[in-house]
Visitor: 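Here it is: the structure, laid out below.
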Amino acid sequence: MTNSSFETIYQALKERILKGTYSIKMRLPIEDDLITEFDSSRYAVRKAIKKLAEEGLVYSVKGRGVVLLEHTPQTQQFNLNLGELSGIRTTNPDRPFDYETDLVSFEQIIVDQALSQQTAFEVGIPVYAIQRVRSINGTRAVIDINYFNAQLIPGITPTIAKASIYNYIQKELKVKIAVVKRLLRVDSVKSVDTDNLALGINNCVGNMISIAFNDSGRQFEYTESHFIPNELVFTQLIRN
């Protein structure tokens with residue numbers, strides 16, 4: 001190839017990533033090798049990699065290069081940029097924000113085919129399956145349905161789950177959380193919602209689905225946060 005544009009480099013690398021060309025090493029070739037291969041500028045290579053990162057396909061790790069994030073048909077639907085999602089807020093900002101967590105269930109299970117289809121975890125791996133209800137101002141408003149890869153995130157206990165799993169991951173395990181992908185949708189109410197949430201007349205729930213990757217590109221979490229649509233909102237800030 002001669003004087004390849006960043007778009008040509010981006011398209012070529014994306015095709016290789018999706019075909020699994022780099023899956024064994026889980027890394028892209030170094031910049032100098034890509035510059036030589038595509039006969040391009042460093043700027044073009046970096047711009048192509050930046051676009052791949054924005055699509056949730058790769059992540060740059062200082063001293064280790066550009067890491068591929070694990071991808072499956074399930075995880076690829078998450079490549080929607082939601083900007084800076086600042087989290088849960090009550091619909092009335094003047095109300096006090098009293099927040100409590102109730103641990104509904106906690107167990108370690110093995111991923112079967114159905115759960116693999118839902119979460120993108122491989123069949124046969126152990127995961128922590130956790131359900132936690134978030135009560136806001138006394139209203140059971142959110143249920144988090146969490147699955148954590150027990151091989152990558154070992155040692156979670158009910159006490160940790162009731163407090164803060166992410167605090168444990170970052171401070172105790174020293175795991176670097178590289179990327180979190182999110183998908184926001186509206187779902188019909190299921191039994192897990194009617195059993196745990198104060199739905200009132202609602203027959204649907206908001207569902208914020210999150211999958212998280214460490215800095216080796218491995219997916220360690222799949223979470224669904226079901227919330228009452230008329231009680232809570234997720235706010236978003238986008239900078240141009």
Side-chain angles (χ1 to χ4, degrees), residues 1-85 111 113 116-125 127 147-153 166 169-170 173-184 209-223 236-240:
M1 297 183 182
T2 304
N3 297 322
S4 299
S5 67
F6 102 86
E7 184 67 27
T8 300
I9 300 168
Y10 156 74
Q11 292 292 350
L13 293 178
K14 181 175 181 178
E15 182 178 357
R16 294 174 191 177
I17 290 169
L18 296 179
K19 284 184 176 179
T21 303
Y22 303 124
S23 293
I24 294 177
K25 292 186 176 181
M26 290 296 289
R27 286 177 177 81
L28 288 184
I30 62 173
E31 276 187 9
D32 288 345
D33 288 347
L34 292 173
I35 290 168
T36 299
E37 177 186 353
F38 290 99
D39 188 18
S40 66
S41 67
R42 190 172 302 276
Y43 171 79
V45 167
R46 289 183 175 177
K47 189 174 180 182
I49 291 173
K50 183 175 183 289
K51 188 171 182 179
L52 293 170
E54 289 171 349
E55 293 190 4
L57 293 171
V58 301
Y59 176 76
S60 295
V61 181
K62 187 175 181 179
R64 289 171 51 195
V66 181
V67 174
L68 273 63
L69 300 181
E70 288 183 319
H71 65 273
T72 65
Q74 298 97 309
T75 61
Q76 286 311 299
Q77 67 180 315
F78 285 73
N79 290 341
L80 170 66
N81 185 0
L82 291 178
E84 297 183 17
L85 199 63
V111 175
Q113 188 62 48
S116 177
Q117 283 293 113
Q118 176 186 353
T119 65
F121 286 130
E122 294 180 6
V123 172
I125 68 168
V127 295
Y147 297 95
F148 287 92
N149 184 327
Q151 296 172 334
L152 300 178
I153 310 295
Y166 263 53
I169 290 172
Q170 294 175 302
L173 297 183
K174 308 297 184 184
V175 171
K176 170 68 174 177
I177 300 171
V179 173
V180 179
K181 298 184 180 183
R182 291 190 174 101
L183 179 70
L184 180 61
I209 306 174
S210 304
I211 55 176
F213 301 82
N214 63 20
D215 63 353
S216 294
R218 299 288 307 280
Q219 179 190 342
F220 67 84
E221 176 194 8
Y222 173 93
T223 288
Q236 182 183 11
L237 174 65
I238 299 176
R239 292 187 178 93
N240 294 319

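Note that this is a predicted model, so its numbers are computed, not measured. These numbers come from the heavy atoms of this one structure, side chains and all, not from hydrogens, waters or symmetry mates.
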Visitor: What closest approach, in Å, do Tyr222 and Gln118 show between heavy atoms, and which atom pair accounts for it?
Guide: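 Nearest pair, atom of Tyr222 first, then Gln118: CE1-O, 3.3 Å.
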
Visitor: Name all residues meeting the side-chain contact (heavy atoms from CB on, under 4.5 Å) criterion together with Ile35; count only those two or more places apart in sequence or in a different chain, and write none if there are none.
Guide: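 Only Asp32, Arg42, Val45 meet the side-chain contact (heavy atoms from CB on, under 4.5 Å) criterion with Ile35.
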
Visitor: Of the non-hydrogen atoms in Ile49 and Ser60, which two are nearest, and what is the gap between them?
Guide: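 For Ile49 versus Ser60, the nearest heavy atoms are CG2-OG, 4.4 Å.
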
Visitor: How about Ile9 and Leu34: do any of their side-chain heavy atoms sit closer than 4.5 Å?
Guide: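 They are not in side-chain contact.
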
Visitor: Work out which heavy atom in Tyr166 is nearest to a heavy atom in Ala212; give both atom names and the distance.
Guide: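 Result for this residue pair: OH-CB, 3.5 Å.
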
Visitor: Would you say that Ile17 contacts Leu28 through its side chain, given a criterion of any heavy-atom pair below 4.5 Å between the two side chains?
Guide: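 The answer is yes, as the side chains (C-beta and beyond) meet within the 4.5 Å cut-off.
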
Visitor: Return yes when atom CD of Glu31 has more than 12 non-hydrogen atoms of other residues, nucleotides or ligands closer than 6.0 Å, and no otherwise.
Guide: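 It does: Glu31 CD has more than 12 such atoms within range.
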
Visitor: Can you confirm whether the side chains of Gln11 and Glu7 place a donor and an acceptor under 3.5 Å from each other?
Guide: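 Yes, because at least one side-chain N or O of Gln11 sits under 3.5 Å from a partner of the opposite role on Glu7.
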
Visitor: For the residue pair Tyr22 and Arg16, what are the closest heavy atoms and their distance?
Guide: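 Reported closest heavy-atom pair: OH-NH1, 2.8 Å.
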
Visitor: Report the residues that fulfil side-chain contact (heavy atoms from CB on, under 4.5 Å) with Val123, sequence neighbours left out, ordered by chain and then residue number.
Guide: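 So Val123 forms a side-chain contact (heavy atoms from CB on, under 4.5 Å) with Gln113, Ser116.
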
Visitor: Looking at every heavy atom in both Ser40 and Ala44, which two are closest together, and how far apart are they?
Guide: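 Scanning both residues, the minimum pair turns out to be CB-CB, 4.4 Å.
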
Visitor: If you round to the nearest 0.5 Å, how far is CD of Glu37 from CG of Leu13?
Guide: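 Separation between the atoms: 7.5 Å.
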
Visitor: For a 4.5 angstrom cut-off between non-hydrogen side-chain atoms, does Leu57 reach Lys14?
Guide: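 Yes, at least one pair of side-chain atoms sits under 4.5 Å.
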
Visitor: Taking only residues two or more places apart in sequence, or in another chain, which ones meet Gln151 in a side-chain contact (heavy atoms from CB on, under 4.5 Å)?
Guide: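 side-chain contact (heavy atoms from CB on, under 4.5 Å) check on Gln151 returns Ile125, Pro126, Asn149.
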
Visitor: Suppose we screen for side-chain contact (heavy atoms from CB on, under 4.5 Å). Which residues come up paired with Ala178, at least two apart in sequence or across chains?
Guide: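 Testing Ala178 for side-chain contact (heavy atoms from CB on, under 4.5 Å), a comparison that skips the adjacent residues, returns Tyr59, Asp215.
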
Visitor: Measure the CG-OG distance between Leu184 and Ser210 for me, rounded to the nearest 0.5 Å.
Guide: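 Taking CG in Leu184 and OG in Ser210, the distance rounds to 9.5 Å.
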
Visitor: Tell me, do Tyr147 and Val111 make a side-chain contact under 4.5 Å, heavy atoms counted?
Guide: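 They are not in side-chain contact.
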
Visitor: If you take all heavy atoms of Val175 and Leu152, which pair is closest and at what distance?
Guide: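 Val175 and Leu152 have their closest heavy atoms at CG2-O, 4.5 Å.
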
Visitor: Is the closest side-chain heavy-atom distance between Ile169 and Phe220 below 4.5 Å?
Guide: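 In contact.
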
Visitor: Going by heavy atoms in the side chains, are Lys181 and Leu69 under 4.5 Å from each other?
Guide: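 Yes. Closest side-chain heavy atoms under 4.5 Å.
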
Visitor: For Lys50, enumerate each residue passing the side-chain hydrogen bond (donor to acceptor under 3.5 Å, both in side chains) test, keeping only those at least two apart in sequence or located in another chain.
Guide: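 Scan of Lys50 (side-chain hydrogen bond (donor to acceptor under 3.5 Å, both in side chains), adjacent residues dropped) gives Glu54.
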
Visitor: Quick one: list whatever passes side-chain hydrogen bond (donor to acceptor under 3.5 Å, both in side chains) with Arg27, sequence neighbours left out.
Guide: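 Applying side-chain hydrogen bond (donor to acceptor under 3.5 Å, both in side chains) to Arg27 gives none.
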
Visitor: Examine distances only and state if a side-chain atom of Gln219 and a backbone atom of Thr119 form a donor-acceptor pair shorter than 3.5 Å.
Guide: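 Side chain of Gln219 to backbone of Thr119, a donor-acceptor pair under 3.5 Å: yes, one is there.
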
Visitor: Would you check, one step at a time, whether the test side-chain contact (heavy atoms from CB on, under 4.5 Å) holds for Lys47 with Tyr10?
Guide: CA-CA 8 Å; Lys47 189 174 180 182; Tyr10 156 74; over 6 Å; no

